[in-house]
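These notes are about the structure you will find just below.
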Amino acid sequence: MSQVMFDLDVLRSFSTGIALGSYARAADRLGRSTSAVSAQLKKLEAQAGTVLFRKAGRGLELTDAGETLLAYAHRMLELNEEASAAMRGADLEGWVRLGLQEDFGETLLPAVLGRFARAHPKVRIEACVARSAELRERLELGRLDLALAWDAGDQPPSLHAERVARLPLQWIGPASGDVLDAPWWKERERREGGGGSGGRGARKSKEPLPLVLLDAPCPLRDIVTQTLDRAGVPWRHTFTSASLAALWAASSAGLGLTVRTPFGLPSHVRAIDRTAVGLPALPQMSMALYRAQANAEAPVGRLASLLLEAVRQHMQVEAAQFH
């Protein structure tokens, strides 16, 4: 029996279509016609020797075999990119000092640094996780070369910032159960005179909303409290910490609501419907990649490219799962 040799170009079309949620969009992204991508998918099923897709409404979804192949496709494409990068930068040497906010550390750091280290073993990396103000200060002082952080609109003009994405801020609560069943929400209803049927969240309460936020100074903390003040919603701090992981734990435990973008949310918390608890809409936040120098050395530029690619891939996957 002859061994199957999967075509990387076909696997790229396959994985891109899943990430974008549409093979028409994948064809656009890859500079191909829709019919060419369709032919590639037929070839892939023939090579796999099994059905990879099934009808789901007007679209397609993966079978179990398709899910398995997709996981391998990601690994093969990443390995191909690593090999290509290693050949392009086999002699790349130097030192890169990278800073990330805690949101991105667990989501991006292992994969990005692993790929970079394998492709460029002669480059030394120093990485740190800190809050945005500290990261920007380190950049200003020349202690970092590169940082991925949330942009509160107050970065010093001498920093070279590139907006990577703009994401909505969301009210975050525990993943399990209904926020309306949380002890603090029931206390708000009791103080207000009991919860009649229907529209529990629409009725405003005078009992302060419990908040789980980072210690001051924190731009996001100010955004949240100012938004609530403008909407006439009373609030109180029930838990503060310098650690984002601690906020996730407190929010998951039902101590109150926190606020973050959907990027990198752990599984034990989730975005809640703000209308269900009568809360105001929140603004958006920009994710930015900061460079200490406009024309960085080759190792810094290469790591910056990998970070941008990883962020975009992560957002594509999240968007596909959401839809």
Side-chain angles (χ1 to χ4, degrees), residues 101-103 131-133 149-155 163 165-266 268-288 318-319 322:
Q101 283 198 241
E102 200 172 351
D103 309 55
R131 288 161 74 171
S132 59
W150 294 114
D151 175 14
D154 58 351
Q155 73 270 18
R163 180 185 287 180
R166 191 157 175 81
L167 298 171
L169 289 171
Q170 298 177 324
W171 297 99
I172 307 295
S176 58
D178 188 338
V179 170
L180 298 179
D181 293 326
W184 58 263
W185 177 260
K186 290 182 176 178
E187 178 65 12
R188 293 183 90 209
E189 287 197 317
R190 187 186 69 79
R191 294 286 183 94
E192 190 65 11
S197 62
R200 287 193 291 170
R203 182 178 42 75
K204 291 192 174 182
S205 169
K206 294 177 183 176
E207 176 66 12
L209 177 75
L211 296 177
V212 173
L213 297 172
L214 290 173
D215 295 337
C218 171
L220 182 52
R221 178 187 177 112
D222 295 337
I223 289 171
V224 172
T225 55
Q226 290 167 14
T227 299
L228 290 173
D229 287 343
R230 284 195 297 269
V233 179
W235 54 270
R236 62 188 173 93
H237 290 300
T238 55
F239 185 92
T240 61
S241 173
S243 164
L244 183 59
L247 297 195
W248 297 143
S251 184
S252 174
L255 297 187
L257 298 183
T258 191
V259 170
R260 217 67 187 175
T261 75
F263 193 97
L265 289 184
H268 52 286
V269 296
R270 65 178 173 89
I272 66 168
D273 177 5
R274 66 178 182 84
T275 59
V277 285
L279 292 176
L282 293 161
Q284 293 185 322
M285 285 279 281
S286 291
M287 184 194 305
E318 284 198 340
F322 178 79

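- The distance from atom CZ of R236 to atom CG of L209, rounded to the nearest 0.5 Å, is 8.5 Å.
- The side chain to side chain contact (heavy atoms under 4.5 Å, CB included) search around A271 returns Q170, I172, not counting sequence neighbours.
- For the atom pair CD (E102) and CG (L244), the distance works out to 4.5 Å, reported to the nearest 0.5 Å.
- Of the N and O atoms on the side chains of D103 and W150, at least one donor lies less than 3.5 Å from an acceptor on the other residue.
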- Message: Between R274 and L282, does the side chain to side chain contact (heavy atoms under 4.5 Å, CB included) criterion hold? Intermediate values first, please.
- Response: CA-CA 10 Å; R274 66 178 182 84; L282 293 161; over 6 Å; no
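- Side-chain atoms of R230 never come within 3.5 Å of backbone atoms of P280 as a donor-acceptor pair (strictly under, hydrogens ignored).
- Going from atom CG of L247 over to atom CG of L255 covers 10.5 Å, rounded to the nearest 0.5 Å.
- For A246, the side chain to side chain contact (heavy atoms under 4.5 Å, CB included) partners two or more places apart in sequence, or in a different chain, are F239, S241, S243.
- Atom CG of residue L169 and atom CD of residue Q284 lie 8.5 Å apart, to the nearest 0.5 angstrom.
- Minimum interatomic distance between P283 and T227 (heavy atoms only, all atoms of both residues): CD-OG1, 4.3 Å.
- Using a 4.5 Å heavy-atom cutoff, the side chains of T258 and L214 are not in contact.
- Heavy-atom minimum distance, A249 versus H268: N-NE2, 4.3 Å.
- Residues R270 and A175 share a closest heavy-atom pair of NE-O, 3.4 Å.
- In this structure, W235 contributes its side chain and D229 its backbone to no donor-acceptor pair below 3.5 Å.
- T261 places a side-chain N or O within donor-acceptor distance of the main-chain N or O of F263, the cut-off being under 3.5 Å.
- Side-chain contact between W171 and V259 is present, with at least one heavy-atom pair separated by less than 4.5 Å.
- Considering OG1 of T225 and CG of L213, their distance stands at 8.0 Å, rounded to 0.5 Å.
- Taking the charged nitrogens against the carboxylate oxygens, R163 and D151 have no contact shorter than 4.0 Å, which rules out a salt bridge.
- Of all heavy-atom pairs between V212 and A250, the closest is CG1-CB, 3.8 Å.
- Between S251 and G256, the shortest heavy-atom contact is OG-O, 3.5 Å.
- Listed by first and then second residue, the side chain to side chain donor-acceptor pair (under 3.5 Å) pairs involving residues 213-223 are D215-T240, R221-H237 (not counting sequence neighbours).
- Of all heavy-atom pairs between G232 and P234, the closest is O-CD, 3.5 Å.
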